[in-house]
Amino acid sequence: MTQIPPLQKNDTVAIVSTARKISFDEIRPAIELLKFWNLNVKIGKSIGLENHQFAGTDEERTSDLQTMLDDPEIKAIWCARGGYGTVRIIDRLGFSNFKKKPKWIIGYSDVTVLHSQLNLLGFESLHAQMAHQIDQKSEATRTTLKNILFGKPVSYEIPFSEMNKFGHVEGEFVGGNLSVLYSLLRSPSAISTRNKVLFLEDLDEYLYHIDRMLQNLKRNGVFKNLNGLIIGGMSDMNDNQIPFGKTAEEIIWESVKEYDFPVCFGFPAGHVYDNQALVFGRKISMEITLEKTMVNYLE
């Protein structure tokens, strides 16, 4: 897996929106943060565009992201907002210039489409808070993002959860938003999970949808040769008038309990206040004990 060069002082970070529309004012705190980190900022043409719920048409969002992918002076691309829309442009993008001069792609949720595509191409990517609302998240959200971007070491210590499954494993870190990964199954952007550690998070889904997606992943062999599973935020879940009868975490546990890989619940990443940054494509070690879970990068 190709690692992305760390940022240096005065490098340029581009901000684009591959999905939902967003205004310049909504990313102002992110611009100020990047400048505080002694980085330059280039605002994409998709910022401020509107096409119904999208940040411009598919063609406009594709053109904006493609320009930033191709620009050798851009050292990182920070996606402004999630929502929905990245999958509509993924097959229009070319990565030939990116392969020559790889750069960090930053975001989560709907940006899982880009994380998956980059993983298949053999490049790391950064699962982290969007530019939107970066000022409203925890200090660790910003610190882990900065440290990874600038090549400083990052590790994670997660409190014990009664649902955890103990063990020590190593493997390449992959994953993202459950709903997006589910939607990518059997497509050209579907990742392989064989001998890897999978991260999952989601937001605002009905509990029976969570079960349906987990059953689909299971039937497609996603868990069959997995080394380990990490569950982040399962936030603001919905239920029907007749309750499903289980939480999202209990649904996940029931779906994977037959496998012998370790499972960590409650990881601080996803649609949560403490949305810590993760490097997808890099090898990690995970040790789950009665006291805590430790996750460290090995490369």
Ring centers of Phe98, Phe123 separated by less than 6.0 Å: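 So the answer is yes for these two rings.
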Taking all non-hydrogen atoms of both residues, which atom of [X] and which atom of [Y] are closest, and how far apart?
X: Ala190; Y: Leu185; answer: CB-CA, 4.1 Å
X: Ala248; Y: Met237; answer: CB-CG, 4.1 Å
X: Asn119; Y: Glu172; answer: ND2-OE2, 2.7 Å
X: Pro262; Y: Ile288; answer: CB-CD1, 3.9 Å
X: Leu126; Y: Ala277; answer: CD1-CB, 3.9 Å
X: Gly266; Y: Ile158; answer: O-CG2, 3.6 Å

Check against side chain to side chain donor-acceptor pair (under 3.5 Å), Asp202 and Ser179: CA-CA 7 Å; Asp202 218 325; Ser179 299; 2.5 Å; yes
Hey, are the side chains of [X] and [Y] touching, using non-hydrogen atoms and a 4.5 Å cut-off?
X: Glu201; Y: Val272; value: no
X: Asp274; Y: Phe267; value: no
X: Leu200; Y: Ile252; value: no
X: Leu198; Y: Phe223; value: yes
X: Leu178; Y: Leu214; value: yes
X: Leu229; Y: Phe261; value: yes
X: Val295; Y: Phe199; value: no
X: Ile4; Y: Ile105; value: no

Verify, without hydrogens or angle tests, whether [X] (side chain) and [Y] (backbone) share a donor-acceptor contact under 3.5 angstrom.
X: Thr141; Y: Asn275; answer: yes
X: Gln129; Y: His132; answer: yes
X: Arg61; Y: Phe54; answer: no
X: Thr193; Y: Lys196; answer: no
X: Lys75; Y: Pro72; answer: yes
X: Asp64; Y: Ser46; answer: yes
X: Asn164; Y: Phe265; answer: yes
X: Lys103; Y: Ile77; answer: no
X: Arg81; Y: Met130; answer: no
X: Gln136; Y: Gln133; answer: no

Trp253/Ile231 under side chain to side chain contact (heavy atoms under 4.5 Å, CB included): CA gap, chis, key distance, verdict: CA-CA 10 Å; Trp253 169 251; Ile231 304 301; over 6 Å; no
Qualifying residue, where the test is side-chain contact (heavy atoms from CB on, under 4.5 Å) with Leu7 and the options are Leu34, Val13, Thr12: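 Running side-chain contact (heavy atoms from CB on, under 4.5 Å) over Leu34, Val13, Thr12 with Leu7 returns exactly one hit, Val13.
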Between [Y] and [X], do the side chains contain a donor N or O and an acceptor N or O under 3.5 Å apart?
X: Thr112; Y: Asn177; result: no
X: Asp110; Y: Thr86; result: yes
X: Asn10; Y: Gln8; result: no

How many angstroms lie between [atom1] in [X] and [atom2] in [Y], if you round to the nearest 0.5 Å?
X: Ile251; Y: Asp211; atom1: CD1; atom2: CG; result: 5.5 Å
X: Phe244; Y: His209; atom1: CZ; atom2: NE2; result: 10.5 Å
X: Glu254; Y: Thr247; atom1: CD; atom2: OG1; result: 10.5 Å
X: Ser17; Y: Lys45; atom1: OG; atom2: NZ; result: 16.0 Å
X: Leu33; Y: Ile27; atom1: CG; atom2: CD1; result: 12.5 Å
X: Ile43; Y: Met68; atom1: CD1; atom2: CE; result: 8.0 Å

Test log, rule side chain to side chain contact (heavy atoms under 4.5 Å, CB included), inputs Ser189 and Ile90: CA-CA 9 Å; Ser189 300; Ile90 190 64; 4.2 Å; yes
Treat each ILVMFWY residue as a node, draw an edge where side-chain heavy atoms are under 4.5 Å apart, and state whether [X] and [Y] are in one component.
X: Phe150; Y: Ile15; result: yes
X: Val154; Y: Trp104; result: yes
X: Val174; Y: Ile148; result: no
X: Ile106; Y: Ile31; result: yes
X: Leu65; Y: Leu184; result: yes

Criterion ring-ring contact (aromatic ring centres under 6.0 Å, His included) on His115 and Tyr108, from CA distance to verdict: CA-CA 8 Å; His115 292 311; Tyr108 77 115; 9.1 Å; no
Over 12 foreign heavy atoms within 6.0 Å of [atom1], [X]:
X: Arg194; atom1: CZ; result: no
X: Lys218; atom1: NZ; result: yes
X: Asn240; atom1: CG; result: yes

Intermediate values then yes/no, side chain to side chain contact (heavy atoms under 4.5 Å, CB included), Leu278 and Tyr297: CA-CA 10 Å; Leu278 314 172; Tyr297 295 105; 4.1 Å; yes
Trace of the side chain to side chain contact (heavy atoms under 4.5 Å, CB included) decision for Ser125 with Val111: CA-CA 10 Å; Ser125 60; Val111 181; over 6 Å; no
